[in-house]
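Reviewing the structure listed below.
Each chain gets a letter, A, B and so on, in the order the sequences are listed, and its residues count up from 1. In what follows, every heavy atom counts, from backbone to side chain, and hydrogens, waters and symmetry copies are set aside.
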Amino acid sequence: MSNLMKRLLPMLVTNSVRLRHNRIYRALQQTFAVIFPFVIVGAWAQMLEQSVFSRNGFFAVIYNLDNVIPHYNQIRTLLLIVETVTINMMSVMAAFFVAKYMARSYKKDDSLAGLTSVGAFLILNFNAQRNAQSSFQTNNFGYRGLFIAIVFGLLIGWVFRFTHADFEEPSHHYTIAGLISRGLRGTWLTILILIGSVAITYGLSRVSTEGFIGLFYVVFQMPATNIPHVSLRLALVTTINALMWWTGIEGPINPLMVQAGSTTSTANLNYALEHANLFNVPNPITINTIYHPFASFGGVGMTLALIIATLWVGRSKPLRRIAGLSLLPGLVNISLPVMIGWPVTLNPILLVPFLTTPLVNMAIAWTAIRLRLMPPSVYTIPTTTPGPLAAFLGTNGNLVALIVAVICLIVSVLIYAPFIRLAETINLESAKVGDHHD
Amino acid sequence: MFPATKWMAQNVKSARVVHNSRMQPIILIPGSSATEDRFNSLITQLNHQTSGHSLLKITVKTNGKLTYSGKIAARDTEPYIVVAFEDNKDGYNNIKKQAAWFNIAFKQLTKTYSFNRFRGIGHSNGGLIFTLFLEKYYSEYDVQMTRLMTIGTPYNLEESNPNNRTQMLNDFITSRDKLPNTLTVYSIAGTENLDGDGTVPIESVEAGKYIFQNQVAHYTQITVSGDEAGHSELPQNRQIVNLISQYMVATPNQQGVRPGQGGSGRGVGPAPRDGTQNP
């Protein structure tokens with residue numbers, strides 16, 4: 001292993017140094033850094049709102065908090081406002097900053113590029129449906145729309161290289177008229193981009209009512225229907241879902257969303273309620289029995305394991321700090337801080353464990369259920385239930401399920417740990433090499 | 001972690017109750033010296049007012065064997081089940097025995113019909129048997145008693161002075177914390193004269209408050225006077241029949257229930273007439 005690493009490392013370092021000099025990579029890094037404080041504030045608000053101040057939040061149901069905490073609903077409203085202007089606006093912010101940093105890398109007018117990108121992003125998420133309640137598909141302003149924001153932001157920032165709107169350091173010798181006329185230099189491009197966005201939106205509305213996200217989901221559904229074997233189908237579906245999350249698209253499988261009762265899980269639940277014996281439920285292997293309770297601690301991709309592994313083996317202080325800030329939200333399955341902060345999103349090194357850990361965990365859970373060591377977990381639990389407890393509660397207190405969940409967590413941490421070391425080594429090495437270059 | 005487990009167990013239990021709530025029988029226990037036919041006229045009257053429910057009658061022999069008459073109609077969600085005892089003598093010792101016999105019958109009933117909720121009506125000592133059952137045997141079951149109506153039940157036996165507590169009342173009060181806190185209790189007292197229903201002193205019925213009040217979810221005491229307010233007439237008293245159909249029968253007009261064949265023409269099951277099946 002270490003020999004392999006020694007041979008691999010220089011190659012990885014050279015590649016990541018090259019990557020670091022890539023404008024796209026830099027624009028993304030800078031953008032994530034700028035929006036991270038908003039993500040943290042929003043995620044903590046979301047954590048409180050979902051686990052404490054929602055009537056079916058984990059802590060709320062256990063301690064009956066809605067009767068205990070005074071002004072329960074008012075506090076919830078305040079938290080929702082904070083969420084709305086932070087994480088639920090994340091993609092709008094990203095659209096601005098990605099275009100801004102991209103344009104700046106070409107020494108062009110970055111503010112104009114940023115604002116144009118925001119305009120284009122808003123147009124792309126315009127609600128084309130008639131009688132729509134809101135002008136925009138506001139649910140795409142959060143993590144769900146991040147990939148689109150990034151792609152179009154980069155594109156718009158890049159297009160600005162062809163303008164004459166050069167970036168100028170603000171000087172003390174300016175006139176207001178001069179400033180305004182300077183702003184006009186890129187206007188033709190802005191107009192073209194906005195018109196282009198309108199055309200794209202119009203075209204999209206003919207094929208998908210949900211914009212780009214609707215298109216992605218259509219792609220997602222294709223493998224699900226064609227594979228007959230349930231375990232393979234589960235593996236493929238969850239992996240594609242994880243890949244979407246990694247890319248910056250909120251995949252259709254979201255641990256924070258209440259699972260609509262599928263036919264299989266309803267059959268399981270009915271059986272369990274009638275017979276009180278979970279071992280013989282009709283569908284022992286489903287997404288609700290092996291993926292949700294065992295393979296999505298902290299969110300898609302077992303990011304809770306990444307947080308724990310970072311706190312365990314991580315040496316870099318900033319990374320440890322980010323992991324520390326992400327730990328509590330991660331416990332109630334809110335993964336945004338670590339997705340943006342580490343970052344996991346579009347990070348090539350973390351892609352491997354992000355995709356493999358859930359598969360390994362599902363295999364462990366599958367084996368334990370097939371060997372009848374533990375019953376499948378079939379009862380509905382709050383979405384904010386801390387990951388390691390999900391199986392324990394979902395089986396109504398089966399100790400083996402708890403042990404299997406803990407094993408899954410340990411295995412996941414062990415899978416993530418070497419990649420964290422690898423990422424840190426590459427960071428250090430490329431920083432050294434980078435210094436020489438600059 | 002522990003409160004989470006507790007909450008989950010509770011959650012699953014209530015989900016199970018809701019899920020399996022299709023049948024919720026009304027179990028009736030007659031008083032001393034009364035047979036399984038004690039409630040025939042009551043149920044005839046009830047079925048006359050509503051679209052009717054079927055009736056199953058069980059007598060528990062002294063050796064614990066059960067004899068049945070009548071039956072529960074296939075789709076009936078709220079049948080009446082009368083449980084009577086071969087040895088139906090009065091006295092605290094006999095009541096204890098009868099509660100144990102009732103437990104045998106109840107175990108068999110939950111096994112056969114797998115219901116998760118039931119309501120109970122006890123006339124006279126029948127109310128004492130229910131109370132004893134709740135305090136002594138109920139916790140063994142995963143079954144919920146939602147309502148109990150006792151009619152002319154002497155919680156302090158024949159004693160009219162509430163300060164002279166009988167051994168039985170003392171025992172009931174000692175174990176009252178075993179009573180389910182989700183239960184709703186109605187205690188009905190008949191008053192023929194100012195002292196009571198002629199057999200049971202009103203104070204003895206009222207002594208029920210020492211057992212139920214502040215322990216069960218709701219405890220309501222109702223006093224009925226006027227015609228037919230004598231102790232043995234209470235189950236046929238029109239006021240009380242109205243109270244029963246109002247408080248105890250959840251689905252007086254069950255949808256999809258058709259008058260059964262060979263029955264009374266009303267209701268799913270044969271509505272018994274007084275005397276027709278008496279031995």
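- Environment of CH2 in B:W7: crowded, with over 12 heavy atoms of neighbouring residues, nucleotides or ligands closer than 6.0 Å.
- Residue-environment remark: CD (B:Q108) exceeds the threshold of 12 foreign heavy atoms within 6.0 Å.
- When all heavy atoms of A:N396 and B:A9 are compared, the pair lying nearest together is OD1-CA, 3.3 Å.
- Considering CE of B:M8 and OG1 of A:T385, their distance stands at 8.0 Å, rounded to 0.5 Å.
- Interface remark: A:F59 contributes no atoms to any contact with chain B (heavy atom separation under 4.5 Å).
- Contact detail for B:T5 and A:F392: the closest heavy-atom pair is OG1-CE2, 3.5 Å.
- Between B:V12 and A:L273 the shortest heavy-atom distance is O-CD2, 4.1 Å.
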